[in-house]
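What follows is a single structure, and I will ask about it in a moment.
These numbers were taken from a predicted model, which means no experiment stands behind them.
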Amino acid sequence: MAISDIGQNALEVLRRRYLAKNEKGECVETVEQLFRRVALAVAQGEIKFDPQADVEKQAENFYQLMTSLRFLPNSPTLMNAGRPLGQLSACFVLPVGDSMEEIFDAIKNAALIHKSGGGTGFSFSRLRPSGATVRSTGGVASGPVSFMRVFNMATEAVKQGGTRRGANMGILRVDHPDIEGFIHCKQDNADITNFNLSVGVTEAFMEAVEKGQDFDLIDPRTGKRAGRKNARALFDQIVDAAWHNGEPGIIFLDRMNAANAVPSQGQIESTNPCGEQPLLPYESCNLGSINLVKMLKKENGRWTVDYDLLGRTVREAVRFLDDVIEVNCYPLPIIDQVTRQTRKIGLGVMGFADLLNRLGIAYDSDQGVALAEELMGFIEEQGHQASQELAVERGPFPLFQESIYKDQAPLRNATVTTIAPTGTISMIAGCASGIEPIFAYAYIRNVMDNTQMVEVNPVLVEVLKERGLYSEALMRRVAQEGTLAHIQEIPQDIRQVFVSAHDVSPLYHVRMQAAFQRHTDNAVSKTVNFSHDATREEVAQVYRLAYKEGCKGVTIYRDGSRSGQVLNIGKAQAAPDKPAEVLPRPRPVITQGFTERVKIGCGNLYITVNYDENGICEVFTSTGKAGGCPSQSEATARLCSVALRSGMPVKEIYDQLKGIRCPSTIRQSGMGCTSCPDAIAKVLMKVNKFIQQGQMPMPAQMEPAAPAARDHSMNFCPECGDKLTHEGGCVICRGCGFSKCG
C-alpha cells in the first residue's frame with residue numbers, strides 16, 4: 001500500500017495531531033517522513049542485541065508494517081519516536097502513599113508523564129479516610145476524594161507534550177471507608193473532569209452482593225474493620241451512579257491479580273485511563289493494534305481470514321513493541337527500571353466490526369462471538385510464540401523466574417496482549433475502533449468552506465454498490481437516523497449484518513468483551529452502550545454478567561446521560577447560589593458567511609465569519625504564506641466561536657478584542673488594524689452589522705441537503721463542534737481525532 005492510499009480524514013488527523021510542527025505551528029514533515037522517522041527510531045533497538053544488526057532493513061520492515069496499515073503503535077510512539085522527547089509509552093501507573101510527601105511526589109511525577117504524552121492510573125485506596133486523625137499535626141485527614149481534586153487540577157495545568165490531553169484513572173477499593181463519597185463524586189459532570197473513575201471490586205464483595213449480605217469496610221492505615229455496609233445496597237449505588245452519567249466503572253481487582261505475572265513484586269492496584277492495562281506501581285506499557293480489515297483475503301469471490309498474514313503480522317508487531325522498550329526515553333528513572341524488569345507489551349486489534357461486516361456476520365450473533373474467540377485465541381498463541389522466540393534470541397524478561405510462567409518456556413514479555421480503544425489510530429487506519437461495533441455508518445462532516453461531506457463506512461458503500469442500492473441521498477438518511485435498522489429500502493440481510501453500537505443489546509456487548517478477554521493477557525477496553533430509556537436494573541444485569549463471564553472490568557454509557565443540560569435539575573432549585581452551567585449550542589449543519597483578507601504586520605490574515613438563523617456562530621482564521629501567528633489567531637477564533645454559540649453578544653467580544661496591539665503590526669504605518677485579535681473584532685462587527693440590517697440571507701432560507709438529527713445523547717467536541725462518541729472506555733471525536741483519554 002502506498003502513502004497516497006491513506007484516506008483524507010486520516011491525513012487530516014495526522015496533520016492535526018502527529019506531524020512534527022515548528023514554533024509557528026506549521027507542519028515540517030510529511031506523512032511518509034513521519035513513518036520513516038518512527039520506523040528508523042524503533043529499529044535502533046535491534047542494535048542492543050546484535051551490534052551487526054541491519055537496522056536499515058529492519059526499519060524498512062517496520063515502515064511497511066505501518067504504512068500497509070496492518071499495524072499501528074500507540075499515539076506517543078507515532079508522535080515522539082525519533083524526536084527529542086522520545087517518550088513512546090501510553091500507559092503508566094503511579095503509587096499514591098498515605099503521606100503528604102508521597103501524595104505530592106505522585107502529583108509531580110504525573111505532571112512529568114502528562115507532559116511527555118502518557119496517561120496515568122492511580123489507586124487512592126492507601127489514603128486514610130476523611131475524618132481520620134493525622135498524628136504528626138493533630139489535624140484531620142481530608143480523604144481520597146479531596147486529593148483527587150488536587151490531582152485533577154494539576155492535570156488541567158499540563159497539556160501533554162503540546163499534542164495530547166492529560167488523562168487519569170482513579171480507583172478506590174470497594175472496602176475503603178470513603179467508598180460512598182467516591183461513587184458519587186462525579187455526579188456533577190464539571191467535577192474531576194480529567195479522571196475516569198472505577199470502583200475496585202473484590203470477589204468477597206461480589207459474593208456478598210449475590211447473597212445480600214453485609215461486608216467489612218477496612219481502614220487502609222490500620223488494616224482493621226472500620227464499619228460494615230450492605231453489599232447489595234452499595235452495589236445499587238454504583239449502578240445508580242453509572243446509570244446517571246456513566247461513572248464509576250468497575251474493575252475486578254482480584255481477577256486482575258490472579259493474572260498478575262509477577263506477584264512477588266506486589267499487587268496490581270490500578271490500570272491506565274481506559275482500564276485495559278493493569279500495571280504494578282511505576283510500570284509502563286507500550287501498546288499497538290493490528291488492523292483486522294487488512295487480515296482478509298478473497299477466495300472464490302468470498303472474503304475469508306488470512307491466518308498466514310495475521311500470524312506474520314503478530315510476529316512483526318511483537319518485535320516492534322519489544323524494540324520500543326529499548327529505545328524509549330522514560331519520564332522517570334524508576335519507570336525505566338521497573339518497566340524493563342517485566343517488559344510488558346500490549347498487542348491488540350482494531351477494525352473487528354469491519355471484519356465482521358466483510359464476512360457477512362452480525363456483531364450481535366453467536367457466530368460473531370465465536371469468531372472473536374477464534375481470532376483472539378490465534379493472536380494470543382502467535383503472540384506468545386513470538387515472545388518465546390525473542391526470549392531465545394534476546395533472553396527472557398529479568399523477573400521470569402519469579403513469574404507465574406517460570407515452569408513454561410521462557411517469555412521475553414510478561415504480558416503480550418491488550419485490547420485498547422484505538423480512538424485516533426483507528427482513524428488513521430480507516431477502520432472501526434478496537435473491538436467496538438461501528439458507532440455510525442454515515443455522518444455528515446462540515447467543512448470550512450461551508451460545504452458538507454458525507455462520510456460513509458467503506459464496507460457499507462462497497463456492499464450497497466454491489467447490490468445497486470447506493471446513493472448519496474440514502475447515505476444522508478443513514479447519517480440522519482444514525483442506524484440502518486429502520487430503513488426499509490435497505491434489504492433485511494444487510495441490515496442484520498450492519499448493526500451499529502446502539503442496535504447491539506448490552507448483553508451482546510458484554511459477551512463480545514468476555515470472548516476477547518478469555519484470550520487477552522491484560523484487559524479489554526470497551527464501552528457497553530445503553531439506550532436512553534434503559535433502566536438501572538438493566539445496568540445491574542450487565543455488571544453481574546461481566547462478573548460471571550470473566551471480564552476484568554466493565555464500563556457503561558447510557559445514551560443521553562451526559563447531555564449538555566445540568567444534572568439533578570431538582571437539586572439546582574434548592575441551591576440558587578450555584579450558577580447554572582452554560583454550554584455552547586452545537587455547530588449548525590449548514591452555515592454561510594464570507595472570508596475577508598486583512599493585512600497585518602506579518603502578512604495577510606484571512607478571517608472567515610459564518611452565521612445561521614441565530615446569528616454569528618463561528619470564526620475561522622488562516623494566514624498567508626508570509627507567516628504570522630497561526631496558533632494564536634486560531635485560538636482566538638475558537639474561543640470566539642465558543643463564546644458566540646454560548647450566547648455572548650458580539651459587541652462584548654468586540655470590546656474585549658479591539659485595540660489589542662502587536663509589535664509587528666504597529667511598527668508598520670497605514671495598517672487598518674493593530675493585531676490579529678483586533679482584525680477579528682473588526683470583521684465580526686462588520687458581519688454583525690450586515691446581519692442586523694438584513695443584508696444577508698439566512699441559512700434557513702437555503703434548502704438543506706439533509707439536516708443532521710440533533711441527538712440529545714451526545715456531547716460535542718470542544719475542538720471542532722462535532723458529536724462525540726463513547727467507545728472503548730473513552731470519548732472520541734470521529735471528526736477531528738479529539739480524544740478525552742489522549
Got Leu78 and Ile428 here, is their nearest side-chain heavy-atom distance under 4.5 Å? yes
One pair to check against side-chain contact (heavy atoms from CB on, under 4.5 Å): Asn109 and Ile335. What are the steps and the verdict? CA-CA 10 Å; Asn109 292 338; Ile335 292 175; over 6 Å; no
With sequence neighbours excluded, what pairs up with Lys21 under the side chain to side chain donor-acceptor pair (under 3.5 Å) test? none
Which word best sums up how the rings of Phe35 and Tyr63 line up, parallel for under 30°, tilted for 30 to 60°, or perpendicular for over 60°? perpendicular
Side chain to side chain donor-acceptor pair (under 3.5 Å) evaluation trace for Asn286 with Thr77: CA-CA 8 Å; Asn286 53 290; Thr77 300; 6.0 Å; no
Start with the C-alpha distance between Gln87 and Asn80, add both sets of side-chain angles, then the distance that settles side chain to side chain donor-acceptor pair (under 3.5 Å), and finish with yes or no. CA-CA 6 Å; Gln87 199 293 99; Asn80 301 329; over 6 Å; no
Excluding sequence neighbours, so at least two apart, what forms salt bridge (Lys or Arg N to Asp or Glu O under 4.0 Å) with Asp655? Lys651, Lys658
For the atom pair CG (Leu112) and CG (Leu332), what is the distance rounded to the nearest 0.5 Å? 6.0 Å
Let me see the working for Val13 and Arg16 under side-chain contact (heavy atoms from CB on, under 4.5 Å), right down to the final yes or no. CA-CA 5 Å; Val13 170; Arg16 281 174 174 261; 5.9 Å; no
If you measure from CG on Asn245 to CD on Gln187, what distance do you get to the nearest 0.5 Å? 7.5 Å
Any side-chain heavy atom of Met169 within less than 4.5 Å of one from Asn272? no
Give a yes or no answer on whether the side chain of Asn152 reaches the backbone of Asn194 with a donor-acceptor pair at less than 3.5 Å. yes
Is any side-chain heavy atom of Cys617 closer than 4.5 Å to one of Thr591? yes
In this structure, SG of Cys285 is separated from CG of Asn74 (nearest 0.5 Å) by 8.5 Å
With rounding to the nearest 0.5 angstrom, report the CZ to CD1 distance, Phe122 to Ile107. 8.0 Å
Across all chains, not counting sequence neighbours, the side chain to side chain contact (heavy atoms under 4.5 Å, CB included) partners of Ser289 are Met350, Thr422, Ile425
Using the test side chain to side chain donor-acceptor pair (under 3.5 Å), find all partners of Glu247 that sit at least two apart in sequence or belong to another chain. Lys186, Arg562
Measuring from atom CG of Leu88 to atom OG of Ser75, what distance do you get when rounded to the nearest 0.5 angstrom? 12.0 Å
Working to the nearest 0.5 angstrom, can you tell me the gap between Leu287 CG and Leu72 CG? 13.0 Å
So, using ring-ring contact (aromatic ring centres under 6.0 Å, His included) as the criterion, who are the partners of Phe62 when residues are at least two apart? Phe320
Go through the steps to decide whether Phe151 and Asn168 satisfy the test side-chain contact (heavy atoms from CB on, under 4.5 Å), and finish with yes or no. CA-CA 9 Å; Phe151 278 75; Asn168 304 298; 5.7 Å; no
Heavy-atom closest pair (Arg37 atom, Ala81 atom, distance to 0.1 Å) is NH1-O, 2.6 Å
Please test Asn457 against Asp354 for side chain to side chain donor-acceptor pair (under 3.5 Å), starting from the C-alpha separation and ending with a verdict. CA-CA 9 Å; Asn457 178 270; Asp354 297 306; 3.2 Å; yes
Check whether any side-chain heavy atom of Asn529 sits under 4.5 Å from a side-chain heavy atom of Asp559, and report yes or no. no
Using a strict threshold of under 4.0 Å (side-chain N to carboxylate O), is an ion pair present between Asp678 and Arg661? no
With sequence neighbours excluded, tell me which residues meet ring-ring contact (aromatic ring centres under 6.0 Å, His included) with Tyr654. none
So do Pro421 and Ile732 actually touch side chain to side chain, heavy atoms under 4.5 Å? no
Going by an N to O cut-off under 4.0 Å, is there a salt bridge joining Lys686 and Glu596? yes
Where Leu94 and Ala110 come nearest, the two heavy atoms and their spacing: CD1-N, 3.5 Å
For Ile103 and Val150, what are the C-alpha separation, side-chain angles and deciding distance, and is it a side-chain contact (heavy atoms from CB on, under 4.5 Å)? CA-CA 10 Å; Ile103 290 169; Val150 179; over 6 Å; no
Just jot down the side chain to side chain donor-acceptor pair (under 3.5 Å) partners of Gln277, sequence neighbours excluded, or say none. Thr418, Asn522
Under the side chain to side chain contact (heavy atoms under 4.5 Å, CB included) rule, collect the residues that match up with Asp105, sequence neighbours excluded. Lys108
Of all heavy-atom pairs linking Gly117 and Pro76, the shortest is O-CG, 3.4 Å
For Ser146, which residues count as a side chain to side chain contact (heavy atoms under 4.5 Å, CB included) partner, sequence neighbours excluded? Ser142
Considering residues at least two apart in sequence or located in another chain, which fulfil the side chain to side chain contact (heavy atoms under 4.5 Å, CB included) criterion with Ile660? Leu657, Ser675, Pro677
Would you say Ile600 and Cys662 make side-chain contact, with heavy atoms under 4.5 Å? no
Which residues share a side chain to side chain donor-acceptor pair (under 3.5 Å) with Thr527, sequence neighbours left out: none
Once salt bridge (Lys or Arg N to Asp or Glu O under 4.0 Å) is applied, do any residues pair with Arg36, and if so which ones, sequence neighbours excluded? Glu32, Glu60
Between His726 and Tyr557, how do the two ring planes meet: parallel, tilted or perpendicular, split at 30° and 60°? parallel
